[in-house]
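See below for the structure under consideration.
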Amino acid sequence: MRKLTRLIYDDMRPALGVTEPGAIAFAVAKAREYVEGTLKDISVTLNSGMYKNAFTCGIPNSNEVGNQHIAALGYVAADASKGLECLDGVRQADNLRARELVREGKVRVEMDGISSEISITATVTSDTEYSHGEHTRLSYQHYAHYA
């Protein structure tokens, strides 16, 4: 019984609201940490369950729904140091800026396949570099663009 209790304890994390929006925003915020320069685009791929579950979820501190808005908020305002509570400090101005990024076509969210394995891959690209990471491994790679 102690092994099961330990497994549950190790696997549980505090979250603000439903976990899927927090996980997507966290992945984008983490990728953003490695990139400087002017944003060109944000690209996120999700497994089918993550895509579906987050699609119509309420987003903490927002009246919006949708994977694109979640990803945009991850870039604009999420604090990656807070993990799944990364959307805690989001303000109305952040929602307006996120909505603008979506309207400008700078945010792309796609389903990468039908799978029960949770996967979130976030790529943030600027005019000079990009960062690519997989949420399931929490590892990010930084690349400089060469013209």
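Look at K30 and E33 and you find a salt bridge, because one of the NZ, NE, NH1 or NH2 atoms lies within 4.0 Å of a carboxylate O, short of that distance.
A side-chain donor-acceptor contact under 3.5 Å links N47 to the backbone of E117. Panel note: side chain T45, backbone E110; no donor-acceptor pair is recorded below 3.5 Å.
The two residues R32 and A78 make their nearest non-hydrogen contact at NH2-O, 2.9 Å. The two residues S115 and S48 come nearest to each other via the heavy atoms N-OG, 3.1 Å. Between G89 and D94 the shortest heavy-atom distance is O-OD2, 4.0 Å. Contact record, A31 with A122: CB-O, 4.1 Å, taken as the closest heavy-atom pair. The two residues G37 and T128 come nearest to each other via the heavy atoms CA-OG1, 4.5 Å. Closest approach of F26 and C86 over heavy atoms only: N-SG, 3.5 Å.
Crowding of L96 atom CG: a count of heavy atoms from other residues, nucleotides or ligands under 6.0 Å exceeding 12.
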Check: residues 67-75 side-chain donor-acceptor pairs under 3.5 Å, at least two apart:
unit_1	atom_1	unit_2	atom_2	d
N67	OD1	F55	N	3.4
N67	ND2	Y51	O	3.2
Q68	NE2	V107	O	2.8
H69	NE2	N95	OD1	2.9

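Distance OG1/T125 to CG/D41: 4.5 Å, rounded to 0.5 Å. Rounding to the nearest 0.5 Å places CG of D127 at 4.5 Å from OG1 of T38. To the nearest 0.5 Å, atoms CD (E36) and OG (S126) are separated by 8.5 Å. Considering CG of L101 and CG of L39, their distance stands at 6.0 Å, rounded to 0.5 Å. Here the CG-CD1 distance, from N53 to I118, works out to 8.5 Å after rounding to the nearest 0.5 Å. Interatomic distance, OG1 of T123 versus CZ of R108, reported as 8.5 Å (0.5 Å rounding).
With sequence neighbours excluded, no residue forms a side chain to side chain donor-acceptor pair (under 3.5 Å) with R91.
No chain of hydrophobic side-chain contacts below 4.5 Å, direct or via other Ile, Leu, Val, Met, Phe, Trp or Tyr residues, connects V65 to L87.
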E100 vs R97, test: salt bridge (Lys or Arg N to Asp or Glu O under 4.0 Å). Steps then yes/no.
CA-CA 5 Å; E100 185 179 316; R97 178 64 183 130; 3.0 Å; yes
D88 vs D79, side chain to side chain contact (heavy atoms under 4.5 Å, CB included): CA-CA, chis, key distance, verdict
CA-CA 8 Å; D88 184 39; D79 180 352; over 6 Å; no
